[in-house]
S.K.: 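Below is the structure I would like to discuss, written out as structure tokens.
In listed order, ligands and their atoms are each counted from 1. Throughout, numbering of the chain's residues begins at 1 and tracks the sequence.
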Amino acid sequence: MASRSAATFDALVVGAGPAGAHLAFLLAREGRRVAILDRQRFPREKVCGGGLSRKAVALLGCDVAPIVHQWLKGAFLTFGNRSTLVKDLARPAGCTVLRSEFDHLLLTQACDAGARLFEEAAFLDLRFRGDLVDVATSRGALSCRRVFAADGVASAVRTRLFGRHAVAYVPALEALVRVPAAARERFAERVVLDFGGMPRGYGWIFPKRDHLNVGVYSPFGGSALRRHLDRFMARYPALERRLGIEYRGFAIPLRNDAGAFERGPVALVGDAAGHAEAIGGEGNNVARASAALAARAAIEDERGAVPLRYTGLLREALLPELRAAWRLARLLFAFPEFSFRHVVSNDRVNALFAGVITGDVGYRECLRKVLLAAPRWLFRAPATPHDLPPLEPGVPG
Ligand SMILES: Cc1cc2nc3c(=O)[nH]c(=O)nc-3n(C[C@H](O)[C@H](O)[C@H](O)COP(=O)(O)OP(=O)(O)OC[C@H]3O[C@@H](n4cnc5c(N)ncnc54)[C@H](O)[C@@H]3O)c2cc1C
């Protein structure tokens with residue numbers, strides 16, 4: 001990368017995670033001159049459960065099969081590994097992947113479409129110059145007509161333009177647990193979603209080819225995540241028979257309270273924009289959905305003649321869904337044991353949530369129907385969840 005005579009691109013995408021790679025792919029495919037830079041070298045690790053719902057897979061537009069670790073037929077829905085419902089779907093509910101492989105696949109797709117990749121190049125600063133933006137990176141300068149910030153939850157571009165507090169986020173902690181094959185088999189083909197796994201949140205177990213990804217998250221935030229995660233794992237004898245463990249923590253964005261999504265020729269996408277689904281902390285599909293809207297806005301309004309075009313598309317197509325997800329998350333996790341007994345264990349209601357995972361039901365529709373059905377699920381006796389068997393026998397008290 002030249003540091004004195006900067007190359008000029010139609011678009012510069014900062015960050016090559018799912019949001020950035022997808023956006024670079026969409027713009028390059030339309031013949032735009034696209035540069036994508038990342039401070040890391042790919043393939044690289046990313047803290048993430050690597051769970052892709054069916055709707056996330058459908059959004060991909062490329063064949064994910066070669067990198068799938070496990071196709072999922074459903075979930076074990078449980079409270080503290082005591083009462084457990086098995087919820088299977090007629091078609092795969094989704095799959096698990098390793099983010100190093102998934103992100104590399106998306107980035108390769110972008111580069112094959114013509115995007116030019118700059119690795120180990122960190123965004124440092126930007127400056128507006130007429131119709132252009134000059135971007136300083138750790139490996140030199142670049143000029144472009146538009147900048148897309150896809151540099152994750154702690155986005156340096158967002159901080160530069162909108163300050164430190166535009167996006168609210170919460171911590172999440174995961175552990176990569178290596179267990180003997182027999183113990184892994186116990187969870188194969190289903191994820192565990194444990195509503196007692198973390199106060200006002202949940203714990204997950206996602207099966208991978210050679211390990212289990214186990215984690216905890218609460219949309220209300222929280223502290224002492226390591227203690228909650230260890231306590232959650234101690235409820236599952238299979239996880240106690242482990243051969244190795246690696247803890248990794250990061251943050252999940254919840255909201256962009258400032259409504260700060262773009263300024264002039266700079267737009268924020270994915271985690272950088274504060275986009276994730278608050279119920280499960282699922283962000284890969286949202287990252288690509290916001291990238292698709294940013295690409296559409298850029299292509300439809302090449303000259304930037306319509307102010308806040310991208311923000312308008314977000315308000316139409318994505319933000320109402322994310323807000324509904326946020327409300328549902330608060331409803332579900334404020335009193336998780338009550339929710340598990342009355343809401344999650346209710347077949348009609350959990351069918352709605354299954355629809356959200358497959359993409360057949362939107363969050364707004366789900367919220368509306370859950371609220372409309374409230375008199376039934378609130379006042380009717382729960383579906384005997386305490387008589388349900390534990391997922392794994394031998395649970396400590
Ligand atoms: C513990 C945990 C578990 C999760 N589990 C799931 C899950 O199972 N399913 C799911 O869908 N989502 C999950 N998520 C959320 C998901 O990881 C994110 O929503 C998703 O990665 C967002 O994609 P992105 O492209 O916006 O950002 P990222 O994937 O974070 O990509 C940002 C990229 O920008 C680069 N970058 C950062 N700063 C700079 C800079 N200054 N200059 C250049 N490059 C930079 C980074 O190196 C990175 O490659 C989880 C998150 C956490 C924390």
S.K.: Test of understanding: given a 4.0 Å heavy-atom threshold, classify the contact between D151 and ligand 1 as side chain, backbone, both, or neither.
M.R.: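 For D151, the contact with ligand 1 is made by both the backbone and the side chain.
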
S.K.: Would you mind checking which non-hydrogen protein atom is closest to atom 10 (C) of ligand 1, with the distance to 0.1 Å?
M.R.: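 Answer for atom 10 (C) of ligand 1: N284 ND2, 3.1 Å.
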
S.K.: Starting from atom 31 (O) of ligand 1, which protein heavy atom do you reach first, and at what distance in Å?
M.R.: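 Nearest neighbour among protein heavy atoms for atom 31 (O) of ligand 1, to 0.1 Å: G17 CA, 3.5 Å.
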
S.K.: Below 4.0 Å, non-hydrogen atoms only: which portion of A251 touches ligand 1? Side chain, backbone, both or neither.
M.R.: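 Backbone only.
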
S.K.: Any N or O of D103 that comes nearer than 3.5 Å to an N or O of ligand 1?
M.R.: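 Not met; the criterion fails.
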
S.K.: Checking the N or O distance criterion of under 3.5 Å, is ligand 1 in contact with G283?
M.R.: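 It does: an N or O of G283 is found under 3.5 Å from an N or O of ligand 1.
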
S.K.: Between A272 and ligand 1, does any nitrogen or oxygen pair lie at a separation below 3.5 Å?
M.R.: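 In fact, backbone or side chain, A272 has no N or O that close.
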
S.K.: Tell me the nearest of G270, A172, A175 to atom 1 (C) of ligand 1, using heavy-atom distances.
M.R.: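 When every heavy atom of G270, A172, A175 is considered, A172 comes closest to atom 1 (C) of ligand 1.
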
S.K.: Taking C-beta and beyond as the side chain, do L85 and S345 meet within less than 4.5 Å on heavy atoms?
M.R.: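 Yes, their side chains come closer than 4.5 Å.
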
S.K.: What protein heavy atom lies closest to atom 19 (O) of ligand 1? Include the residue and the distance to one decimal.
M.R.: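 The answer is D271 OD1, 2.8 Å.
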
S.K.: Only one of R327, E321, R323 passes side-chain contact (heavy atoms from CB on, under 4.5 Å) with Y363; say which it is.
M.R.: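 It is E321, the one option of R327, E321, R323 that forms the side-chain contact (heavy atoms from CB on, under 4.5 Å) with Y363.
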
S.K.: Are any of the heavy atoms in P253 under 4.0 Å away from ligand 1?
M.R.: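 Contact absent.
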
S.K.: Taking C-beta and beyond as the side chain, do H104 and R44 meet within less than 4.5 Å on heavy atoms?
M.R.: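 They are not in contact (no side-chain heavy atoms under 4.5 Å apart), so the answer is no.
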
S.K.: Within the 4.0 Å heavy-atom shell around I252, which atoms of ligand 1 are there?
M.R.: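 Per the distance check, 51 (C), 52 (C), 53 (C).
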
S.K.: Test your reading of the structure: does A19 have an N or O sitting under 3.5 Å from an N or O of ligand 1?
M.R.: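 Min N/O separation from ligand 1 is below 3.5 Å for A19.
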
S.K.: Using distance alone, determine whether Q40 and ligand 1 share an N or O pair under 3.5 Å.
M.R.: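 Yes - when backbone and side-chain N and O of Q40 are compared with those of ligand 1, one distance drops under 3.5 Å.
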
S.K.: Could you check which of E282, R39, R99 puts a non-hydrogen atom nearest to atom 16 (C) of ligand 1?
M.R.: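 Comparing heavy atoms across E282, R39, R99, the nearest one to atom 16 (C) of ligand 1 lies in R99.
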
S.K.: So is R44 in contact with ligand 1, going by heavy-atom distances below 4.0 Å?
M.R.: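 A heavy atom of R44 does come that close to ligand 1.
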
S.K.: Please could you name the atoms of ligand 1 that G51 approaches to less than 4.0 Å, counting only its heavy atoms?
M.R.: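 That gives atoms 7 (C), 8 (O), 9 (N), 10 (C), 11 (O) of ligand 1.
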
S.K.: Just which atoms of ligand 1 are under 4.0 Å from any heavy atom in L37?
M.R.: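 Counting from 1, the qualifying ligand atoms are 43 (C).
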
S.K.: R158 side chain to A272 main-chain N or O, any donor-acceptor pair under 3.5 Å?
M.R.: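 Flag set: sc R158 to bb A272 pair under 3.5 Å.
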
S.K.: What I'd like to find out is whether the side chain of V86 reaches to under 4.5 Å of the side chain of R190, using heavy atoms alone.
M.R.: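 Contact flag for V86/R190 side chains = yes.
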
S.K.: Show me which atoms of ligand 1 lie under 4.0 Å from any heavy atom of G15.
M.R.: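 Those qualifying, in numeric order: 33 (C), 34 (O), 35 (C).
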
S.K.: With heavy atoms of G152 as the reference, note each atom of ligand 1 found under 4.0 Å away.
M.R.: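 Selected atoms, number and element: 27 (O), 30 (O), 32 (C).
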
S.K.: Would you mind reporting whether V344 and V349 have side-chain heavy atoms less than 4.5 Å apart?
M.R.: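 With C-beta onward as the side chain, the pair stays apart.
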
S.K.: Look at the side chain of D360 and the backbone N and O of G355, then say whether any donor-acceptor pair between them is shorter than 3.5 Å.
M.R.: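 Here the side-chain-to-backbone pair does not exist.
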
S.K.: Judging by distance only, is a nitrogen or oxygen of E174 under 3.5 angstrom from one on ligand 1?
M.R.: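 For ligand 1, there is no N or O atom that lies under 3.5 Å from one belonging to E174.
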
S.K.: Of the protein's non-hydrogen atoms, which lies at the shortest distance from atom 15 (C) of ligand 1, and what is that distance?
M.R.: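 That would be G281 O, 3.5 Å.
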
S.K.: Between Y247 and V47, is there a side-chain heavy-atom distance shorter than 4.5 Å?
M.R.: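 Answer no - side chains too far apart.
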
S.K.: Please report the C-alpha distance between F335 and H342 in whole Å, then the side-chain angles of each, then the deciding distance to 0.1 Å, and finally whether the ring-ring contact (aromatic ring centres under 6.0 Å, His included) criterion is met.
M.R.: CA-CA 11 Å; F335 304 100; H342 289 266; over 10 Å; no

S.K.: Among protein heavy atoms, which lies nearest atom 40 (C) of ligand 1, and at what distance?
M.R.: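 Answer, as residue, atom name and distance: F123 N, 3.7 Å.
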
S.K.: Between S290 (side chain) and G270 (backbone), is there a donor-acceptor pair under 3.5 Å?
M.R.: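 Here the side-chain-to-backbone pair exists.
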
S.K.: Does the side chain of T96 come under 3.5 Å of the side chain of Q70 through a donor N or O and an acceptor N or O?
M.R.: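 No pair is found: no donor N or O on one side chain lies under 3.5 Å from an acceptor on the other.
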
S.K.: Check whether E282 reaches the backbone of E277 with its side chain - one donor and one acceptor, N or O, closer than 3.5 Å.
M.R.: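 No: the side chain of E282 does not pair with the backbone of E277.
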
S.K.: Decide whether an N or O pair under 3.5 Å exists between F250 and ligand 1.
M.R.: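 Min N/O separation from ligand 1 is not below 3.5 Å for F250.
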
S.K.: Is there side-chain contact between W326 and R330, with at least one heavy-atom pair below 4.5 Å?
M.R.: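 Touching, per the 4.5 Å side-chain cut-off.
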
S.K.: Is there a polar contact, in the sense of an N or O pair closer than 3.5 Å, between G50 and ligand 1?
M.R.: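 So ligand 1 has an N or O lying under 3.5 Å from an N or O of G50.
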
S.K.: Just need the protein heavy atom nearest to atom 3 (C) of ligand 1, so name the residue and atom and give the distance.
M.R.: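 The closest one turns out to be G49 N, 3.3 Å.
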
S.K.: What's the shortest distance from atom 48 (C) of ligand 1 to any protein heavy atom, and which residue and atom give it?
M.R.: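 The closest one turns out to be D38 OD2, 3.4 Å.
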
S.K.: Is it the case that the side chain of R160 and the backbone of L126 share a donor-acceptor pair, with hydrogens and angles ignored and the cut-off at 3.5 Å?
M.R.: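 The answer is yes, because a donor-acceptor pair under 3.5 Å joins these two groups.
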
S.K.: I need the contact type for A121 against ligand 1. Using non-hydrogen atoms and a strict under-4.0 Å cut-off, is it side chain, backbone, both or neither?
M.R.: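 Backbone only.
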
S.K.: Can you tell me the protein heavy atom closest to atom 6 (C) of ligand 1 and the distance?
M.R.: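 Its nearest protein heavy-atom neighbour is C48 SG, 3.3 Å.
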
S.K.: Nearest heavy atom to atom 30 (O) of ligand 1: which of R160, E45, K46 does it belong to?
M.R.: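 Nearest heavy atom to atom 30 (O) of ligand 1 lies in K46.
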
S.K.: Under 4.0 Å from ligand 1, counting heavy atoms only, is it the side chain of F206, its backbone, both or neither?
M.R.: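 Under 4.0 Å from ligand 1, F206 contributes side-chain atoms alone.
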
S.K.: Would you check the N or O atoms of V14, main chain and side chain alike, for any that come under 3.5 Å of an N or O of ligand 1?
M.R.: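 In fact, backbone or side chain, V14 has no N or O that close.
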
S.K.: Tell me whether the guanidinium CZ or amine NZ of R200 lies under 6.0 angstrom from the six-membered ring centre of F333 and within 45° of its axis.
M.R.: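 Because its charged atom misses either the 6.0 Å distance or the 45° angle limit, R200 does not stack over F333.
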
S.K.: Assess R341 against F79: is NZ or CZ under 6.0 Å from the centre of the six-membered ring, and within 45 degrees of the ring's axis?
M.R.: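 Geometry flag: not set, cation outside 6.0 Å or 45°.
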
S.K.: Can you check whether L332 reaches I279 side chain to side chain, under 4.5 Å on heavy atoms?
M.R.: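 Counting from C-beta outward, L332 and I279 do come under 4.5 Å.
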
S.K.: Taking the side chain as every heavy atom from C-beta outward, state whether T358 and K55 have any pair of such atoms under 4.5 Å apart.
M.R.: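 Sidechains of K55 and T358: no contact.
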
